[in-house]
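The next block holds one structure in the form of structure tokens; read it before the comments.
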Amino acid sequence: MTAIRLRGTAVLLVLAFSFVATAQTPPLTVLSRDGRKPLPVTTINNQDYVAVDDINTVFGTTAREDRLAGGLTITLRGRSIVLTADQNVVSVSGRLVSLAIPPLRRDNRWFVPAEFLPRAMSLILDTRLDLRRAAWLLIVGDVRAPRVVARVEAGTTNVTVTFEITPNTQAQVITQPGRVVVQFEADVLDLALPSLPPQTFLTGLTPGDTPNTVVLTTGPRYAMHRVTTSQADAGSGRLTVELLPAATTDASAPLNPAPVPDSRLVIPSQGPATGLRTVVIDPGHGGEELGTQGAKGTLEKDITLSVARRLRTLIESRLGAKVFLTREDDRTLSLDDRSAFANNHQADVFLSIHANSAVRPSLKGAEVYFLTVERADAEARKRSGENATALPALGGGSREIDLILWETAQARYLEQSAALAGYVEQALAGRIAMSPRPVQQAPFRVLVGANMPAALVEIGYLSNAEQEAQLATGAFQDQVAQALLDALIKFREFLEH
Ligand SMILES: [Zn+2]
């Protein structure tokens with residue numbers, strides 16, 4: 001039994017043996033809301049088949065053979081599939097479904113091709129079955145199972161873990177002792193994790209304890225991280241977790257330092273080297289701009305001013321630093337004027353204070369933000385180190401300032417701002433309720449022009465009745481001010497080491 005096929009000038013002999021070559025292939029992973037189950041796969045003549053008895057085990061179906069007719073009936077809750085060995089067409093509750101490859105009966109077992117699962121089985125299960133061949137997954141029903149492909153890049157001063165997520169799916173990054181957990185808003189993950197390059201920031205990258213998490217086990221060099229999210233393309237998202245060492249004092253250094261082209265000295269310009277001398281606090285909103293408003297009439301602009309004043313008193317007495325508020329009273333001030341104020345006062349740190357609002361009244365807790373800067377701005381950050389110059393500053397003296405676009409001022413301080421945001425989050429978490437996403441990056445206009453480490457704090461939700469009552473009390477505002485002071489003390493230590 002020899003078949004001869006002509007393919008150009010080459011003659012290929014295909015031998016059709018009287019026996020079939022079978023091989024055990026890795027099982028399909030069946031993902032459902034109940035978790036993962038393996039479904040064994042047998043390769044017969046280079047085609048992937050699944051045994052019907054294994055299907056019965058996984059899906060709870062039953063099968064009855066009709067030897068006389070050479071057929072098999074698979075049943076579940078009154079629905080049935082009738083199939084015949086070597087016939088490409090199967091009947092699903094009376095409806096005909098075509099298969100590219102017919103079912104087989106071998107060694108008293110029935111085998112169906114893998115495509116049988118999404119094409120026929122899904123109809124009697126009355127749920128969607130999604131066969132993902134690349135990942136060798138069978139996804140059952142309405143399971144949110146994004147494809148998550150991780151990539152790890154080791155720089156000299158950082159390690160970056162990038163997750164490409166399809167379809168784009170929200171994720172939270174949670175800090176725990178010895179590890180950073182990425183928790184996706186999904187039921188399970190269709191996960192591809194690489195092996196790690198040699199470095200000491202990250203000792204493990206593994207699936208987490210729950211099926212929707214990935215764990216980054218941190219190494220000795222890790223001190224903090226920053227998280228960036230972006231849209232990769234139409235359907236995909238990208239989440240980057242950058243692991244950083246402690247005491248990164250040179251914010252102007254590119255993350256992967258390029259060789260310096262000539263002997264010209266590049267002056268790192270990052271403000272006073274002596275830590276925290278001047279603090280600018282920005283009470284959000286004011287004047288005509290009320291900010292958000294609680295159901296009982298509490299105004300964001302009043303809360304933020306009250307907290308800022310309390311914080312100023314604490315800083316002046318405990319930290320010995322100069323403190324300026326962007327507004328001392330109830331007045332309207334533009335966002336750009338606020339960061340310009342901080343720049344003119346040679347602030348070493350800029351903290352903007354706000355209260356939050358959400359459509360969902362149950363949302364509560366504090367959140368800390370630092371600036372998102374896109375890739376294009378990172379280039380500006382590299383270049384900006386070469387453009388430092390001294391300009392006269394308000395109130396005498398001079399300040400090294402960068403001839404860079406105002407828009408990119410903050411880009412050079414992102415590492416320090418990330419650290420600041422981290423300290424603020426830690427300090428707040430010890431005293432007041434935190435939101436489920438306590439540290440985030442966002443393109444806040446008020447932070448963009450700040451030429452110093454900067455963060456924005458949303459101290460709670462005025463849209464939550466319980467929090468509106470809390471936020472209006474002096475006791476709560478004192479807690480917030482005390483936490484922010486604690487954070488600034490930590491941040492000063494960070495700057496000085
Ligand atoms: Zn606000």
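We count ligands from 1, going down the list as the structure has it; atoms in each ligand are counted the same way.
- N343 is not listed as a side-chain neighbour of F341, based on a closest heavy-atom distance of 4.5 Å or more.
- The pair R133-E115 does not count as a salt bridge, with every side-chain nitrogen at least 4.0 angstrom from each carboxylate oxygen.
- The salt bridge (charged side-chain N to carboxylate O under 4.0 Å, His left out) check on R327 picks up nothing, with sequence neighbours excluded.
- Side-chain contact between P245 and F201: present, with at least one pair of heavy atoms (C-beta onward) separated by less than 4.5 Å.
- The Zn ion (ligand 1) has no N, O or S atom of E458 under 2.8 Å away, backbone or side chain.
- With the Zn ion (ligand 1) as vertex, H285 NE2 and H354 ND1 subtend 100°, rounded to 10°.
- Residue E300 approaches the Zn ion (ligand 1) most closely through its N/O/S atom OE2.
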